[in-house]
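Take a look at the structure below.
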Amino acid sequence: MTDSSRYRPQVIEERWQQRWHSQSLDLTPELDTSDLASAAKAEPYYALSMFPYPSGSLHMGHVRNYVITDVIARVQRLRGRAVLHPMGWDAFGLPAENAAIERGVDPGAWTDQNIAQMREQLKRLGLSIDWDREVATCHADYYRWTQWLFLQFLEAGLAYRSEATVNWDPIDQTVLANEQVDGEGRSWRSGALVEKRKLRQWFLKITAYADQLLDDLPKLQGWPERVRTMQANWIGRSHGAELRFEVVDASGAGSGQQITVFTTRPDTVFGVSYVVLAPEHPLVASLTGAEQQLQVEAFIDLVGRQSDQERTAEDSPKRGVPIGAQVRNPANGELVPLWIADYVLADYGTGAVMGVPAHDQRDFVFARQYELPVRQVIIPEGSDEHAYEGGAWTTAGVLIHSGEFNGLPSGEARERIIAAAESAGWGQGRVQFRLRDWLISRQRYWGCPIPVIHCEACGVVPVPAEQLPVELPKGMELAGKGGSPLAQLESWVSVACPCCGKSARRETDTMDTFMCSSWYYLRYSDPHNTSLPFSREAVDRWLPVDQYVGGIEHAILHLLYSRFFTKVLRDRGLLGFDEPFSRLLTQGMVQGITYKNPHSGKYIAPADVADPSDPRDPATGEVLDTFYEKMSKSKYNGVDPAAVIDRYGADTARMFILFKAPPEKDLEWDDADVEGQYRFLQRLWRLVDSALERGLSLSPRGASPAGGAEPPLSDGDQELRRAVHTAIAAISEDLDGDYQFNTAVSELMKLSNAMASHLETASEPVALEALRVLLVLLAPFAPHLAEELWQRLGANPDGDQGIHGQSWPEVDPAALRRDTVTVVIQVKGKVRGQLDVPADADAATLEKLVLASEVASKWLEGQAPRRVIVVPGKLVNLVP
RNA sequence: GGGGGCAUGGCGGAAGUGGUAGACGCAGCGCACUUAAAAUGCGCAGACGGCGACGUUGUGGGGGUUCAAGUCCCCCUGCCCCCACCA
């Protein structure tokens with residue numbers, strides 16, 4: 001083999017990337033808007049990957065994400081769609097600011113440098129991305145429109161300021177959204193235990209869209225079920241009632257004050273033994289009796305020092321104190337004591353709960369502890385036993401001890417009691433959501449400034465649209481502590497009020513970066529627009545996104561916020577659809593082989609493990625635990641994409657990632673499997689080499705186009721054509737709908753195996769058809785190799801669009817047809833043999849043929865079968 | 001506690017509406033080529049029994065429906081993910 005005919009991915013990949021770039025092959029086609037051209041108009045297709053944070057280095061998770069989207073984009077192009085496949089950067093955020101604090105670098109410069117670095121790494125993957133549409137959320141020409149959109153929310157009454165108890169990260173010195181605090185009460189970024197603080201903060205009223213966000217979930221049939229479920233749980237709608245308990249004094253006289261509770265079980269209102277408030281409830285101070293003062297204050301102090309996680313852990317003891325007041329149960333007039341307790345949350349419902357120990361497990365535990373009465377008011381249907389021994393009876397049943405509602409089933413009682421409360425004025429039905437408004441204020445520098453001005457005379461004044469963007473001041477020295485950096489820059493803060501002209505102060509909070517990422521997919525449709533974030537025309541043409549691809553970690557926040565944005569912007573008339581992403585693919589993570597010393601807990605780099613079949617700690621000789629886990633620096637289990645590309649080329653990396661696991665499953669990185677993929681690509685190279693040696697050419701000036709083979713075809717030709725068209729059918733199906741790239745690649749392997757055995761003896765037209773189809777099918781997966789082989793076969797004259805401008809092949813049903821098929825002979829459902837029969841044999845013929853077979857006579861032993869089941873083309877089951 | 005998902009060879013994974021379980025690949029074994037090795041090519045390969053043709057068994061466990069079950073139904077076990085004192 002000569003050197004020039006060796007597969008050298010490093011050479012050919014770089015060459016084709018340059019060529020494609022110079023031919024502008026990846027640019028998004030301009031969509032013709034004129035009606036005249038509509039006949040020729042290609043249908044748009046929008047393939048989108050979740051954009052990365054520009055950390056500076058590409059990791060395998062990125063590679064998997066973008067390769068999947070790239071294959072989808074390339075397939076759609078081959079199918080004649082006008083494809084939008086963009087990329088950008090989620091570029092605001094803490095890492096840049098932290099780098100600035102630690103190393104004194106400029107966050108903008110640091111970010112731009114990272115972007116440049118990652119862009120080059122991405123380009124090496126051969127992604128067909130339209131880089132002319134690149135956006136970075138930290139650039140003023142982008143965040144100008146983030147600000148503009150914020151003002152839309154403000155104008156719509158969907159952005160407001162409110163004093164709120166917020167999560168304060170003592171390390172990053174900033175406020176965090178609930179979603180950025182993990183289950184242990186730690187900051188998602190710094191890992192610090194989050195504290196509580198009261199601050200005035202900006203919120204977006206996502207709760208105003210809670211119903212729509214929930215009710216539209218069933219529309220998203222192209223989303224994974226579990227993502228829809230996660231969102232539904234997160235929104236958490238529950239139906240119940242607000243009931244008002246009047247505060248009464250010792251003599252039973254009403255005070256005029258009321259405690260409003262929220263309950264999903266109004267049917268249990270006759271079982272209330274006490275009413276309990278959150279310690280933070282605003283009425284606690286005024287209602288506390290003189291004798292209880294000290295005790296109550298001590299309790300509130302105690303609860304205040306608990307972390308959220310301590311307080312809300314399910315198994316934590318429920319503690320409380322009576323505050324020395326009592327309330328009247330509006331349903332039965334009974335007086336019950338008023339308590340405060342740590343198990344009641346201030347920010348859910350009304351911050352007050354009616355205690356029904358017989359029918360709520362928490363109330364039950366609480367009542368047992370403080371010897372409060374337990375009165376059963378619901379019994380299991382058809383029983384009158386006390387079913388709550390050892391725990392509360394929390395399921396539905398029939399009412400007792402409930403006055404006029406006795407005997408009603410729970411469901412009906414709920415409606416009747418709510419109706420009674422409404423007509424008597426002590427309550428009403430109410431829907432409650434778990435979802436809270438979105439806290440978007442951040443006391444950080446490296447974010448999008450909130451474009452408002454605070455004027456003593458005019459209040460909160462939006463920055464006029466023509467004055468946008470409110471640019472971040474450059475050249476700031478960031479200390480990393482003491483609250484908002486912007487607040488310390490007097491020259492930036494001090495500004496004239498746009499309304500009255502008097503001196504006023506800029507808002508110094510910046511926005512949660514999720515704001516920036518909630519609309520970037522809209523900007524790609526019209527990235528250079530300088531008068532609007534996007535034109536209605538462009539956004540309605542390209543969106544909704546046909547296929548969105550990204551990690552499951554964004555199942556709730558990013559996707560929910562984006563859906564919220566879309567609905568608000570639709571209501572503002574800025575776009576004409578109400579869900580942004582038609583189909584969603586959540587790809588699994590990439591895991592690396594991980595070695596851990598079970599005793600010391602130390603992770604060992606694979607390179608330091610001498611013998612992987614007997615992994616031992618190089619320092620101590622102890623046997624190591626071996627498993628696969630998400631790649632991370634601290635576990636030394638990462639694989640650098642650049643190193644893989646250097647060694648095997650991008651095509652091998654792409655093929656491996658697509659083949660190794662279905663896209664939504666976790667993928668275990670395995671060097672041996674990477675080698676296997678590399679070998680497969682080399683086999684393809686040699687296959688084309690052997691075709692060249694035979695003088696085959698796909699040049700239009702050469703032999704007649706494939707498919708024109710003269711019948712009758714030889715057996716080998718027939719078999720090869722069958723393999724070719726089976727592959728087209730199978731791969732087309734794998735790429736439709738569920739995206740089974742792994743089986744698509746295996747079909748490519750099967751086709752290549754078939755060609756290895758038949759190509760040499762095949763007639764020229766059949767051989768050429770096979771080569772052409774193989775390469776076009778390969779093109780989305782291994783774009784460089786496919787293009788190179790295409791050219792080597794002479795099919796790529798200058799000025800031609802190359803293999804990526806070809807059309808996806810069509811299945812020729814005639815090629816799949818067979819003269820004979822092999823049917824399975826079963827006896828009583830067990831496979832006992834096979835028989836070749838004419839493909840068009842009908843059931844009766846088939847039965848006759850099988851009954852006459854040796855297999856039948858062997859197993860039936862002369863008996864006539866009692867029953868014969870015939871599945872034409874498949875099997876015959878004989879039941880003796 | 002609530003919700004969702006998964007369980008198939010040594011490994012990753014295949015198996016339209018029930019119809020030959022284990023495609024494709026990795027690792028492994030044998031053969032060819034080679035002085036040798038690598039690379040490459042060809043072949044074998046769920047387990048058990050048998051020289052073999054073959055037979056038995058087999059998709060986490062137990063039942064069921066069916067001519068036929070990885071696939072449908074019931075029960076159980078294990079693992080993963082999300083939510084969670086949400087009243």
Side-chain angles (χ1 to χ4, degrees), chain A residues 1 183 224-238 240 261-265 268 276 278 311-318 341-345 347-356 359-363 365-366 394 432-436 552-553 555-556 613 628 655-656 659-662 664-677 679-680 682-683 686 730 733-734 740 742-753 756-757 822-834 858 865-871 873-880:
Chain A
M1 198 186 289
E225 162 92 37
R226 74 175 176 136
V227 174
R228 281 184 278 144
T229 308
M230 280 161 68
Q231 292 217 347
N233 289 342
W234 187 262
I235 296 166
R237 181 163 63 194
S238 56
V261 303
F262 174 73
T263 179
T264 55
R265 294 294 305 275
T268 65
V276 57
R311 183 166 161 196
T312 60
E314 195 170 9
D315 51 359
S316 70
K318 295 172 187 13
D342 57 0
Y343 77 92
V344 178
L345 305 174
D347 57 354
Y348 181 76
T350 59
V353 172
M354 62 183 205
V356 187
H359 305 295
D360 181 279
Q361 185 59 25
R362 295 154 301 192
D363 297 346
V365 171
F366 190 75
T394 57
Q432 176 68 38
F433 291 93
R434 209 196 69 102
L435 182 72
R436 314 293 158 86
I552 186 74
E553 66 273 17
I556 295 174
S613 64
Y628 283 91
M655 293 286 286
F656 162 77
F659 177 66
K660 177 71 181 176
E664 69 283 358
K665 284 192 72 169
D666 289 345
L667 180 154
E668 296 173 356
W669 189 273
D670 180 348
D671 290 335
D673 284 326
V674 179
E675 287 277 358
Q677 276 308 317
R679 283 202 294 267
F680 172 58
Q682 287 173 306
R683 276 201 295 278
R686 285 194 295 270
E733 199 185 312
D734 286 342
Q740 299 175 37
N742 54 332
T743 50
V745 172
S746 79
E747 293 296 333
L748 284 172
M749 292 171 169
K750 285 189 210 170
L751 176 56
S752 134
N753 290 343
S757 9
T822 304
V823 296
V824 169
I825 303 174
Q826 291 185 344
V827 178
K828 212 171 174 256
K830 280 193 193 292
V831 178
R832 294 302 182 190
Q834 307 179 333
K858 175 179 171 190
R866 207 159 42 82
R867 211 178 143 186
V868 180
I869 290 107
V870 182
V871 183
K874 284 243 155 154
L875 60 78
V876 175
N877 189 6
L878 309 173
V879 186

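We name chains A, B, ... by the order of the sequence lines, and we start the count at 1 in each one.
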Tell me if the aromatic rings of Phe656(A) and Trp669(A) count as close, with their centers under 6.0 Å from one another.
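Judged by ring-centre distance (under 6.0 Å), Phe656(A) and Trp669(A) do meet the cut-off.
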Has [X] got a side-chain N or O lying under 4.0 Å from the OP1 or OP2 atom of [N]?
{"X": "Arg434(A)", "N": "G3(B)", "result": "no"}
{"X": "Tyr343(A)", "N": "A87(B)", "result": "no"}
{"X": "Asn233(A)", "N": "G4(B)", "result": "no"}
{"X": "Lys750(A)", "N": "A23(B)", "result": "no"}
{"X": "Arg679(A)", "N": "A27(B)", "result": "yes"}
{"X": "Ser238(A)", "N": "A87(B)", "result": "yes"}
{"X": "Gln740(A)", "N": "A15(B)", "result": "yes"}

Students often get this wrong, so: under 4.0 angstrom with heavy atoms, is [X] touching a base, only sugar-phosphate, or nothing?
{"X": "Arg683(A)", "result": "sugar-phosphate"}
{"X": "Gly349(A)", "result": "nothing"}
{"X": "Val831(A)", "result": "sugar-phosphate"}
{"X": "Val879(A)", "result": "sugar-phosphate"}
{"X": "Asp363(A)", "result": "nothing"}
{"X": "Arg832(A)", "result": "sugar-phosphate"}

When the [atom1] atoms of [M] and [N] are compared, how many Å lie between them, rounded to an integer?
{"N": "A39(B)", "M": "A27(B)", "atom1": "P", "result": "9 Å"}
{"N": "U65(B)", "M": "U71(B)", "atom1": "P", "result": "15 Å"}
{"N": "A45(B)", "M": "A23(B)", "atom1": "C1'", "result": "15 Å"}
{"N": "G18(B)", "M": "G70(B)", "atom1": "P", "result": "13 Å"}
{"N": "G60(B)", "M": "U77(B)", "atom1": "C1'", "result": "8 Å"}
{"N": "C85(B)", "M": "G2(B)", "atom1": "P", "result": "15 Å"}
{"N": "U59(B)", "M": "G64(B)", "atom1": "P", "result": "16 Å"}
{"N": "G22(B)", "M": "C67(B)", "atom1": "P", "result": "25 Å"}

How many Å lie between [atom1] on [X] and [atom2] on [N], as a whole number?
{"X": "Phe433(A)", "N": "A87(B)", "atom1": "CZ", "atom2": "C1'", "result": "17 Å"}
{"X": "Lys318(A)", "N": "G1(B)", "atom1": "NZ", "atom2": "C1'", "result": "11 Å"}
{"X": "Lys874(A)", "N": "U20(B)", "atom1": "NZ", "atom2": "P", "result": "6 Å"}
{"X": "Asp734(A)", "N": "G13(B)", "atom1": "CG", "atom2": "C1'", "result": "13 Å"}
{"X": "Gln834(A)", "N": "A21(B)", "atom1": "CD", "atom2": "P", "result": "10 Å"}
{"X": "Gln361(A)", "N": "C86(B)", "atom1": "CD", "atom2": "P", "result": "11 Å"}
{"X": "Asn877(A)", "N": "G18(B)", "atom1": "CG", "atom2": "C1'", "result": "13 Å"}
{"X": "Arg265(A)", "N": "A87(B)", "atom1": "CZ", "atom2": "P", "result": "11 Å"}

Where the side chain of [X] is defined as all heavy atoms beyond and including C-beta, which of [options] is the nearest nucleotide?
{"X": "Phe262(A)", "options": "C24(B), C67(B), A87(B)", "result": "A87(B)"}
{"X": "Lys830(A)", "options": "U57(B), G3(B), C86(B)", "result": "U57(B)"}
{"X": "Asn742(A)", "options": "C83(B), U20(B), A14(B)", "result": "A14(B)"}
{"X": "Arg226(A)", "options": "G4(B), G25(B), A87(B)", "result": "G4(B)"}
{"X": "Ile869(A)", "options": "G12(B), G4(B), C67(B)", "result": "C67(B)"}
{"X": "Thr743(A)", "options": "A84(B), A87(B), A14(B)", "result": "A14(B)"}
{"X": "Thr229(A)", "options": "C86(B), G12(B), G4(B)", "result": "G4(B)"}
{"X": "Arg686(A)", "options": "G12(B), A23(B), U40(B)", "result": "U40(B)"}
{"X": "Arg362(A)", "options": "G13(B), C85(B), G55(B)", "result": "C85(B)"}
{"X": "Leu345(A)", "options": "C67(B), C86(B), U20(B)", "result": "C86(B)"}

Looking at side-chain heavy atoms only, is the closest gap between [X] and [Y] below 4.5 Å?
{"X": "Glu668(A)", "Y": "Asp670(A)", "value": "no"}
{"X": "Thr394(A)", "Y": "His359(A)", "value": "no"}
{"X": "Lys665(A)", "Y": "Lys660(A)", "value": "no"}
{"X": "Tyr343(A)", "Y": "Val276(A)", "value": "yes"}
{"X": "Leu878(A)", "Y": "Val868(A)", "value": "yes"}
{"X": "Val870(A)", "Y": "Val876(A)", "value": "yes"}

Between Arg866(A) and Lys828(A), does the side-chain contact (heavy atoms from CB on, under 4.5 Å) criterion hold? Intermediate values first, please.
CA-CA 10 Å; Arg866(A) 207 159 42 82; Lys828(A) 212 171 174 256; over 6 Å; no
Reading 5' to 3' and counting Watson-Crick or G-U wobble pairs with both distances under 3.5 Å, write the dot-bracket notation for RNA chain B, | for bases paired outside the strand.
(((((((..(((......[....))).(((((.......))))).((((....))))..(((((..]....))))))))))))....
I'd like to know if the side chain of Gln231(A) reaches the main chain of Ala555(A), judged simply by a donor and an acceptor atom lying under 3.5 Å from each other, with no hydrogens or angles considered.
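Present.
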Determine whether a donor-acceptor pair (one donor, one acceptor, N or O, separation below 3.5 Å) exists between the side chain of Gln826(A) and the base of G19(B).
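Side chain to base: pair present.
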Give me syn or anti for G25(B), where syn covers glycosidic angles within 90 degrees of 0.
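You should classify G25(B) as anti.
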Start with the C-alpha distance between Asp360(A) and Arg265(A), add both sets of side-chain angles, then the distance that settles salt bridge (charged side-chain N to carboxylate O under 4.0 Å, His left out), and finish with yes or no.
CA-CA 9 Å; Asp360(A) 181 279; Arg265(A) 294 294 305 275; over 6 Å; no
Most 5' of Asp673(A) and Lys828(A) on RNA chain B, judged by nearest nucleotide:
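In this pair, the answer is Asp673(A).
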Measuring from atom CD1 of Ile235(A) to atom CZ of Arg436(A), what distance do you get when rounded to the nearest 0.5 angstrom?
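One finds 13.5 Å between CD1 of Ile235(A) and CZ of Arg436(A).
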